[in-house]
Every structure is written in C-alpha cells, then in structure tokens.
Enquirer: 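Just dropping this structure here.
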Amino acid sequence: PSPPGRRLSAAVLACLVAAASVALYAQLGAPRFADQPLAARREQAVQALAGTVTPEQRQSLEGAVAVLSQRLQAAPGDVEGWRLLARAHWTLGQVPEALAALRRAHAAGGNEAETAAELAEALVIANGGRVGTEAGRLFASIPPGDAAHPHARYYLGLRKAQEGDVAGAAADWAGLIAEAPAEAPWLPQVRAQLARAEAALARGKGLGREGPAAGAPAASEPTPSGQR
C-alpha cells in the first residue's frame with residue numbers, strides 16, 4: 001500500500017485537477033467547433049484557470065505533482081498515474097511536461113486507444129490547432145467501434161481540411177453524422193461544422209489555417225460507444 005502522505009497528495013492533486021479542468025475544458029475541450037481563433041481560446045483558458053486555482057491551491061498542486069512524479073519513477077507502468085500527472089501539468093501550464101507524461105502513459109498502456117486519443121488531442125492543441133503527422137498517426141490507429149473512434153474521425157477530417165482537401169473533410173464529417181446515434185450529444189455541432197465546410201466549398205475557399213481546431217468531440221466528452 002502507498003504511504004498515507006502519498007495517498008493524500010494524490011487525492012489533493014486529483015481534486016485540484018478536476019476543479020481546474022472544468023474551466024480548461026470549457027475553453028479548449030468542449031465540442032463546439034468554435035470559429036474563435038485557437039490562440040484566443042487558449043488565452044481565455046489561462047484566465048479561467050487563474051480564477052479557478054488559487055495561489056494556495058497551485059502550491060498544493062505543485063507539491064502533489066512532485067510526489068506523484070517520484071512515485072511514477074518507481075511504478076512506470078501506472079497508466080492512470082501518468083494521465084493524471086499530464087492533466088496536472090496542463091493545469092499548471094506546463095505543456096512539454098504534459099506531453100511527456102502522456103507519451104509515458106501511451107507507452108505504458110500498450111498504445112491503447114483512449115490514451116492515444118488523449119495524446120493526439122494534446123498534440124493538436126500544443127501545435128496551435130494543426131493536426132500534425134504524429135497526431136494523425138495516433139488518430140488513425142484508433143479502431144472502429146472504440147469509444148474514441150468518432151473523435152478520431154473528426155480530427156482526421158480536420159487534417160484533410162487543413163491540407164486543402166475540404167471536400168474530403170466534408171465527406172468524412174457527413175459519414176460520421178450518418179453513422180452517429182440520434183442522441184449523440186455532439187451531433188448538432190458536427191452538423192454545424194459540416195455546414196461551414198459546405199459553405200466554404202460553395203465560396204471556393206478553405207476553412208483557414210487553424211480550422212475549428214480544438215472544438216472537436218473531446219476525449220472527455222460522451223461518444224456513441226460510451227462515456228470517456
């Protein structure tokens with residue numbers, strides 16, 4: 001069993017990350033396909049977190065991060081520990097450390113789909129909204145039927161749009177809509193994004209460099225296969 005101090009630190013970290021994540025996902029992770037530039041959403045997220053995490057909570061979170069980091073050195077196969085550490089680093093604005101922790105989680109979990117989706121979306125955000133080669137490979141590795149598959153399909157379509165293939169992106173999103181359950185909570189937003197792509201095609205234009213970026217069905221949001 002873990003020492004009481006370590007269990008307490010992990011509990012403090014989990015509570016603080018959960019509270020801060022409400023603000024963070026409201027700005028970056030909600031499935032809204034917003035037109036607002038990614039940089040502006042990231043700035044709003046920072047401001048929201050600043051109002052959510054007090055200086056005292058930040059100090060506690062940093063201390064808990066240090067304890068969890070030390071514990072993970074002795075238990076490198078703890079996938080959930082690495083994911084929790086990554087979220088804490090995001091909350092503290094430590095993007096390189098968050099990505100490093102997610103890569104450790106992905107490797108420790110045998111490249112399973114849920115962690116692949118979380119790492120891929122983090123890479124997109126860190127890359128200014130662009131779906132790069134590594135993120136695209138991770139999304140493509142998520143198999144049909146997995147809860148993260150609709151999430152992956154959206155981003156793979158977004159990558160097509162960012163590379164100039166807006167028609168291909170629109171086709172992907174139309175297919176996603178056609179196969180989605182009627183009660184999928186993100187379905188109205190995907191329809192709105194498809195309409196935006198179709199309007200861009202009608203004007204003979206693309207979706208812009210960033211595209212809708214961080215507004216895809218997030219890894220933390222419900223998907224047709226279950227709860228993430």
Enquirer: For A170 and L201, work out which heavy atoms get closest and say how close.
Expert: CB-CD1, 4.3 Å

Enquirer: Judged by atom type as modelled, is there a donor-acceptor pair below 3.5 Å linking the side chain of Q162 to the main-chain atoms of V131?
Expert: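 Present.
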
Enquirer: Between H89 and A101 (side chain of the first, backbone of the second, donor and acceptor by atom type, cut-off under 3.5 Å), is there such a pair?
Expert: no

Enquirer: Check step by step if side-chain contact (heavy atoms from CB on, under 4.5 Å) holds for L102 and W82.
Expert: CA-CA 6 Å; L102 281 174; W82 286 115; over 6 Å; no

Enquirer: When you measure from the side chain of S141 to the backbone of L138, do you find a donor-acceptor pair of N or O atoms at a distance under 3.5 Å?
Expert: yes

Enquirer: So which atom in L187 and which in P181 form the shortest heavy-atom distance, rounded to 0.1 Å?
Expert: CD2-O, 3.7 Å

Enquirer: Between R191 and E198, does any side-chain N to carboxylate O distance fall below 4.0 Å?
Expert: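 No salt bridge links R191 with E198.
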
Enquirer: Less than 4.0 angstrom from a charged side-chain N to a carboxylate O is my criterion; do D172 and R153 meet it?
Expert: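 No salt bridge links D172 with R153.
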
Enquirer: Quick check: are there more than 12 heavy atoms from other residues, nucleotides or ligands sitting under 6.0 Å from CD of E134?
Expert: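 Atom CD in E134 is crowded, with more than 12 foreign heavy atoms closer than 6.0 Å.
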
Enquirer: When the ring planes of F139 and Y155 are compared, do they come out parallel, tilted or perpendicular, using 30° and 60° as the limits?
Expert: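 Parallel: the ring planes of F139 and Y155 meet at under 30°.
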
Enquirer: Can you name the nearest heavy-atom pair linking A88 to L61, along with the distance?
Expert: CB-CD1, 4.0 Å

Enquirer: Do W173 side-chain atoms and Y154 backbone N/O form a donor-acceptor pair below 3.5 Å?
Expert: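 Present.
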
Enquirer: Is it true that R130 and E163 make a salt bridge, defined as a side-chain N closer than 4.0 Å to a carboxylate O?
Expert: no

Enquirer: Report yes or no: does D146 contribute a side-chain atom to a donor-acceptor pair with the main-chain N or O of A148 at less than 3.5 Å?
Expert: yes

Enquirer: Does the E112 side chain pair with the main chain of E114, one donor and one acceptor, at a distance under 3.5 Å?
Expert: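 Yes, E112 side chain to E114 backbone: donor-acceptor pair under 3.5 Å.
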
Enquirer: Residues two or more places apart in sequence or in another chain: which of them pass side-chain hydrogen bond (donor to acceptor under 3.5 Å, both in side chains) with R104?
Expert: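 Listed in chain order: nothing, the list is empty.
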
Enquirer: Check side-chain contact (heavy atoms from CB on, under 4.5 Å) between N111 and all other residues, then give those that pass, not counting sequence neighbours.
Expert: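 Testing N111 for side-chain contact (heavy atoms from CB on, under 4.5 Å), a comparison that skips the adjacent residues, returns H106.
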
Enquirer: Nearest 0.5 angstrom please: L119 CG to L99 CG, how far?
Expert: 7.0 Å

Enquirer: Could you tell me which non-hydrogen atom of S69 sits nearest to which non-hydrogen atom of L85, and how far apart they are?
Expert: OG-CD1, 3.5 Å

Enquirer: Does a side-chain heavy-atom distance below 4.5 Å link R159 with T133?
Expert: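 Heavy-atom side-chain distance check passes, below 4.5 Å.
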
Enquirer: Identify each donor-acceptor pair in which a side-chain atom of residues 74-81 lies under 3.5 Å from a protein atom, sequence neighbours left out, and give them as a table.
Expert:
{"residue": "D78", "atom": "OD1", "partner": "E80", "partner atom": "N", "Å": "3.4"}
{"residue": "D78", "atom": "OD1", "partner": "G81", "partner atom": "N", "Å": "2.9"}
{"residue": "D78", "atom": "OD2", "partner": "R71", "partner atom": "NH1", "Å": "2.9"}
{"residue": "D78", "atom": "OD2", "partner": "R71", "partner atom": "NH2", "Å": "3.2"}
{"residue": "E80", "atom": "OE2", "partner": "R83", "partner atom": "NH1", "Å": "3.2"}

Enquirer: Which pair of non-hydrogen atoms, one from V124 and one from A135, has the smallest distance, and what is that distance?
Expert: CG2-CB, 4.0 Å

